[in-house]
**Student:** 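Please read through the structure below; I'll follow up with questions.
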Protein chains: 2
Amino acid sequence: MPTIIDVAREAGVSFKTVSRVFTGEAHVRAETRDKVRAAAARIGYEVNPAARALRSKAPRRVALLLNNPSLSYSQSTQIGALLATQKLGSQLVIVESLAALQEFSGLKGVVACPPLSNDLAVTTYLHASGLPFVRVGAERISDLGDKIGIDDRCAARDMTEYLIELGHKRIAFINGDPQFDVSRRRRAGFEDAMSHAGFSKYAQIVSGSFSYESGLKAAEDLLSSETIPTAIFAANDEMASACLAVAYKRNLRVPDQLTVVGFDDSPVSRAIYPALTTIRQGLKELVRDAFMLLSDRLSGDDVPFHDIVHQHELIIRDSAGPPPKEMVRND
Amino acid sequence: MPTIIDVAREAGVSFKTVSRVFTGEAHVRAETRDKVRAAAARIGYEVNPAARALRSKAPRRVALLLNNPSLSYSQSTQIGALLATQKLGSQLVIVESLAALQEFSGLKGVVACPPLSNDLAVTTYLHASGLPFVRVGAERISDLGDKIGIDDRCAARDMTEYLIELGHKRIAFINGDPQFDVSRRRRAGFEDAMSHAGFSKYAQIVSGSFSYESGLKAAEDLLSSETIPTAIFAANDEMASACLAVAYKRNLRVPDQLTVVGFDDSPVSRAIYPALTTIRQGLKELVRDAFMLLSDRLSGDDVPFHDIVHQHELIIRDSAGPPPKEMVRND
DNA sequence: TTGAAAGCGGTACCAC
DNA sequence: GTGGTACCGCTTTCAA
């Protein structure tokens, strides 16, 4: 494992200069810095968090800004954050609001998760404060800061196309809180697929708020209407699980008489019957990478902001099947 | 923050001796060691993980042995483990079986979680290997190793007594996998309370396996019997959530017509409607403390094995209420 | 069984 | 802007 001394030799500078580059100190000529970076990359140098933590006076404290209504979402996020900060040797604080964030002193950087990652006040504050930050699952509400996430629109389109392939036509979409950017994107993906198949007139869209309760209400509305859908696509697993409950209540067997699918691949999706067909977005890895990105930024990278897109995955379980025969003919 | 040098001064030895004591090195006289420990405690010394990680050749790698059917259980456990190892500066590996554990070399210690913490082969192997280990939620299948957990029997008794106070008499208990020790303990607590109230003849006990599916089946059995219970106590939240689904299906309003309670205070318990009344066991803290305990053991403590019992807590939410009037009279 | 010296891989503070 | 020196808190090696 190479050290800064090796890098210094490789780059032809003193080891102190190497240290400067990796702490993001200001007074290094751009040319020298690039030379050092190149040398480091060439020999595969990585900073040793233990050594850094030992000597630095102020701890490298980074914050995870997280206030999501879904507990399982929050848990996966926390695991990802912990994994990354352990590797990077930085101290992690978890805060739930902008106000709480502002109270913390000595922060070196912030990773923001939905819905706060799309809050204009948050983005504005972070930018104004000069604090490096990474937004997870964020829309381009501004070009400030690094972004990382999946292509929600594409994921929702994939799921909808899967339902269409199964033979569904009358498909309902239970959207999340329309204030969340992610809701807009997932809805757009649903609409893309429906209109592409020429099924726009069979599409129904109702709004929830990502909570189980809201899913209950939305499902009740959908399943008590005149023409009930043969498939329901909920914008997260919690709401999908609510659909299952309502389906039971109404004696609709899933997936034989009704297909229900979710989004997130959260633990609930496997802890219910039937297990949910859903979209996996690898939240743990997403957040881990967000912290890695933040760490690069902390090291004084002055490159343009990144916008990293992870691959999603369609997870097929037991809650989706072909529509019941009699309903296919009958539209 | 005091260092080993301060401890050395306080204890009247060289700092090297202090280092020896805290690394658990063999060649220190017992008397000297106690003196050093006392001095350290007096001035509030704690090892600096960064400094240790920097200098030590072999990483302090510890393992979390975890293979639990409940995903939310596993997630909480992982967060606790990550939190602790971050603080202690040790490297964490998560393994799912005894075989996987054996393949790992250079392990310094192991924390085992249910059900593996109650597996005789695991305990025997760990003891034989001489590896320090802590068992979470473990029964006294042997007196080997440290143990940490809650008093499951007492917790189940508390919950049952709460139901009895609400006015319930005909109470059913859905047990977890009878092979798990924890199931036996929770069942015993249920029986304690029922017999103490003189309700033994109204008690029904069915076995599940901690999974949602098993809860579904158990609930179906219970609710299709001649005399259905007014309350169901499930040995974990997953099975309780299954009860809710079955209740919906049968048009039993919870908690008006049927009370359902769970155990664990897992994320699901809040992600369903109605939110579950349950027992909180603070799993995250439990596991965190397990690693702290392991760390002490790694430092060469030669004290008798600990058996630490954490406090549980009854969390009252919306899924429990008094039994319906007509059913109280009618038994 | 105990102690002295060296050094782990970096950062802080000060010269130049 | 860049380099030198001291040193962070601990463990390792070796000598006593």
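None of these values were measured; they are calculated from a predicted model.
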**Student:** Among D:dC10, D:dT11, C:dG10, which is the nearest nucleotide to the side chain of B:Ser56?
**Tutor:** D:dT11
**Student:** Is there a donor on the side chain of B:Arg20 or the base of C:dT2 sitting less than 3.5 Å from an acceptor on the other?
**Tutor:** yes
**Student:** Which residue, A:Ala50 or B:Val28, contacts DNA chain C at a nucleotide closer to its 5' end, judged by nearest heavy atom?
**Tutor:** B:Val28
**Student:** Assess the side chains of A:Asp264 and A:Gln281: does a donor N or O sit below 3.5 Å from an acceptor N or O?
**Tutor:** yes
**Student:** Nearest whole angstrom, please: distance from the P of D:dC8 to the CZ of B:Arg52.
**Tutor:** 19 Å
**Student:** Distance check needed: C:dA5 P versus B:Lys16 NZ, whole Å only.
**Tutor:** 15 Å
**Student:** Looking only at the side chain of B:Ile4 (C-beta and beyond, no hydrogens), which of the listed nucleotides C:dT2, C:dG3, D:dT11 gets closest?
**Tutor:** D:dT11
**Student:** Charged N to carboxylate O under 4.0 angstrom, A:Asp6 versus A:Arg9?
**Tutor:** yes
**Student:** Give the rounded distance in Å between these two atoms: CZ of A:Arg55 and C1' of D:dG9.
**Tutor:** 10 Å
**Student:** Using a 4.0 Å heavy-atom cut-off, does B:Ser19 contact any base of the nucleic acid, only the sugar-phosphate backbone, or nothing at all?
**Tutor:** base
**Student:** Looking at A:Leu286, A:Ile150, A:Ile148, which hits side-chain contact (heavy atoms from CB on, under 4.5 Å) with A:Ile308?
**Tutor:** A:Ile148
**Student:** Round to a whole Å and report the spacing from CD1 of A:Ile5 to C1' of C:dC8.
**Tutor:** 10 Å
**Student:** Whether A:Arg37 engages the ring of A:Phe22 as a cation-pi pair (distance to the six-membered ring centre under 6.0 angstrom, angle to the ring normal within 45°) should be assessed.
**Tutor:** yes
**Student:** Given D:dT5, C:dC8, C:dG9, identify the nucleotide with an atom nearest to the side chain of A:Phe15.
**Tutor:** D:dT5
**Student:** Any donor-acceptor pair under 3.5 Å linking the side chain of B:Thr23 with the backbone of B:Ser19?
**Tutor:** yes
**Student:** In whole angstrom, give the distance that lies between atom CG of A:Leu54 and atom C1' of D:dA6.
**Tutor:** 14 Å
**Student:** Contact class for A:Glu46 (heavy atom, under 4.0 Å): base, sugar-phosphate, or nothing?
**Tutor:** sugar-phosphate
**Student:** Of the candidate nucleotides C:dG3, C:dG9, D:dG9, which contains the atom at the shortest distance from the side chain of B:Asn48?
**Tutor:** D:dG9
**Student:** So, does A:Thr32 get its side chain near the phosphate of D:dT2, meaning an N or O under 4.0 Å from OP1 or OP2?
**Tutor:** yes
**Student:** Should A:Thr3 be listed as having a side-chain N or O under 4.0 Å from OP1 or OP2 of C:dG9?
**Tutor:** no
**Student:** In whole angstrom, give the distance that lies between atom CZ of B:Arg60 and atom P of C:dC8.
**Tutor:** 21 Å
**Student:** Can you measure A:Lys35 atom NZ to D:dG1 atom P for me and round it to whole angstrom units?
**Tutor:** 15 Å
**Student:** Rounded off to whole Å, could you give me the CG-to-P distance for the B:Asp6 and D:dC10 pair?
**Tutor:** 9 Å
**Student:** Let's see if you can work this out: which of C:dG10, D:dC10, D:dG3 has an atom nearest to the side-chain heavy atoms of A:Thr17?
**Tutor:** D:dG3
